[in-house]
Amino acid sequence: MHSVKVHTFEGPLDLLLQLIEQEELDISQVALAHVTEQYLQALEKSDNISAEDLADFLVVAAKLLLIKSRILLPQLAVEGAEEASDLERQLKIFKEYLDASRGIAKIIHKRRFTFGRGKPAVMIEEKFSPPEGLEMGTMRELFLAVLRDIEPVIALPKAVIEKTVSISEKIEAIRALILDKALISFKSIMEDAKTKTDVIVSFLALLELVKQRSIVVKQGALFTDIAIHRLDSPSET
Amino acid sequence: MLEQKIEALLFLAGRPLSVKKLCDLTDAKKADVEKAAEALVTQYESRTSGVLIQKASDSYHMVTHPDVRSLAQAYAKEEVSGELTKPSLEALTIIAYRGPVTKAELEQIRGVNCSLILRNLLIRGLVEAKYDKPRATTVYDVTHDFVRFLGLAKVDELPDYIKLHDHATLEKLLNPDAQAQQENLPAV
Amino acid sequence: MLEQKIEALLFLAGRPLSVKKLCDLTDAKKADVEKAAEALVTQYESRTSGVLIQKASDSYHMVTHPDVRSLAQAYAKEEVSGELTKPSLEALTIIAYRGPVTKAELEQIRGVNCSLILRNLLIRGLVEAKYDKPRATTVYDVTHDFVRFLGLAKVDELPDYIKLHDHATLEKLLNPDAQAQQENLPAV
C-alpha cells in the first residue's frame, strides 16, 4: 500500500475528494471502496482534526466500510445500498459547491468591493426616543433569556465530544462482549441495534477489530450468519 | 413615481431596507415594490454611475460602484478584510447559491457540523438568520455585507447560479439516468 | 470617470462637499471637478429621479427630490421613533447590564452582527460610544437619559445587576482560555 499524501483537509468529504482525485478516479462506489483504507489511514495520522469534527469523520468512515463490505461481501449488504449511493451523491454535490467556492474566491480576489454610507443622510438628527413601556423586570428577563441562549454555544464542543466517545465506547463494548463469549455471531450483535446508526456503528466497530487483528470474521457458507472468533481462542478450523 | 420614492428612501437610509419596510413606508403592494426596486437595480447598472443598488435576500442597499472602490474605501475609512478561511468560504458559497437554506441542508452538503462556522459568519455579518414560518425552522441567507464583497448587483449573478441554486436541477445533472428512470422517461 | 467618483463621494458624504474638498479627494483640477459636477446636476435633473444634486455657492449636495419630501420626513421620524425590535431590545439590555462593552463582545454574546442595531440605538440616544484608551477600542454604554427613563439614578440599580453583570456564562463565552486554564489546573 502506497502512503497517503493529502493536503490539509477541512472535512470528511474534502478528504475523500482529495483521495479520489489523487487516484485520478471519478466519483463512484468503486472509487470510494478503493480509497477506504487511505481514508482511515489519513484519519489515524492526522492530528489536525478537531474533536468537534471527529464524529463526522467517523460517520463517513462507517459509510465507507459499508460500501467496501458490499463490494467484498455482497451477500452481507441488506441495507447498505442506500447508504452507499447516498455517500456517492453527497460527494458529487459537495464537489460542485467546492468548485463554485473557488469561483467566489476569484471574484472576491478582484476586490470589487462596494461601500454603503452606514449612517442616514444628514437630515436625520439624533433624538432621545426610549422604548415606551420597557420595564426593568422585562430587561432582567431578556438578559436571562440571552444567557440561556449562550449555554448551548459554550456546551457545543463538549456535546460533540460525547457523540464521538460513544463510537469508541461501542468498539470497547463489542470487544468486551467477544472476550466474554469468544464466539458470537454478527447477528447477535445486530440484535441489540435499534437504529440504522447503531448498525453502522456496530459494523464499524467490528471492522475496526478485524483491522486490529483481535478477531477473525468467518462465514460458513453464502447467506449464513457470520461467526466472529477471538484470535486467541481455539477455533474449529 | 414608486421608483422615485424607493430611490429616495435607499439614499436617505444608507443601510439596507427590506421589501417589507419599503412597502410600509411607501404604502404600496409587495409586488409593485419589488418590480420598482428591480427596475432601479437595472437602471443604475445600465448607466455609468458611481452608485449601485444591490440586492441580498429580500432587501435593497444603495452603495458605491466597484469601479471607484479605492476612493470610496479611503473616504468611508472602512477596513475590509477579504480574508475568509476555506471552510467559511465553502459554507458561504453554499448559502449564497442555495439560500435561504437550513442548517441541516448546509451540513448535509458539507458533511460536517456547521454550528461554529455559522455563528462566526453571523457575527461577521456575512450571513443572516431568519425564521421561516411555513417550514417552522430557521433559514440562512447571505447579507449585503457579503454581496458588497462580491461587487455584484444581485447574488443570482454568480456563475452557474441556476444550476447550483435548485436542488432538483442539480440532482438531475448529477444523476441523469436515475432521474430518467424515476420519471419513466425513455432512456436517452 | 471623474463624474462617477464625485457621484460616489456625494452619496457617501450625505452632506455638502465643497469643490475644494472634491478636488483634494479625487486629485483633480478645479475646472474639471466643476464641469463633472455640473454634468451630474443636469443628469440627475433630466431623469425622473428620487434624488437630486444641488449646488450651493461652491459646494454640491446629494439630496432627496422635493417631490418626495413628506416621505423623507416620514422615514426620518420612523428611524428615530419607530418601535424597537426584539434584537434591539436585547442588545440594549446587554449593554445596560454588561456595559461598558465593545461591539465584538456584544456580538459574541448575541451571536450576530450588531452594526445596524448599534447605529439605531445611537441615533435614538439610548446608547453612547466612548473611546476606551487602555483597551484602544470603542466601548458602548447606556446613556444617562436612558437610565433616568428607567427611573434609576445609576445603571447598577437594575434588578440582579451584580449577579448578571459578570455571570459565569458570560465569562465562559468571552474568556474561554482563562476558564479552560482554571478548569485544567486541578487535573494537572
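Naming: A, B, ... by sequence-line order, numbering from 1 per chain.
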Mark yes or no: A:R117 above the aromatic ring of B:F11, with NZ or CZ under 6.0 Å from the six-membered ring centre and no more than 45 degrees from the axis. yes
If you count heavy-atom pairs within less than 4.5 Å of chain A, which of B:E107, B:M62, B:Q54, B:R15 leads? B:Q54
Between B:A76, B:S70, B:A13, which shows the greatest number of heavy-atom pairs under 4.5 Å with chain A? B:A13
Which atoms of B:F146 come close to chain A, meaning under 4.5 Å heavy atom to heavy atom: side chain ones, backbone ones, both, or neither? side chain
Using a cut-off of under 4.5 Å for heavy-atom pairs, which of A:A100, A:G103, A:A105 has the most such pairs with chain B? A:A100
With side-chain contact (heavy atoms from CB on, under 4.5 Å) as the criterion, how do B:H61 and B:K55 come out once you've worked through the C-alpha distance, each side chain's angles and the decisive distance to 0.1 Å? CA-CA 7 Å; B:H61 189 195; B:K55 184 188 181 187; over 6 Å; no
Ring-plane angle category for A:F115 and A:F113, please: parallel below 30°, perpendicular beyond 60°, tilted otherwise. perpendicular
Below 4.5 Å from any heavy atom of chain A, which atoms of B:I94 appear? Answer side chain, backbone, both or neither. both
Before accepting this row, confirm whether a basic side-chain N of the pair B:E78/B:R148 lies closer than 4.0 Å to the acidic partner's carboxylate O. yes
Report the option among B:T85, B:V68, B:V112 that has the most heavy-atom pairs separated by less than 4.5 Å from atoms of chain A. B:V112
Taking only Lys NZ, Arg NE, NH1 and NH2, and the carboxylate oxygens of Asp or Glu, determine whether A:D14 and B:K86 approach each other closer than 4.0 Å. yes
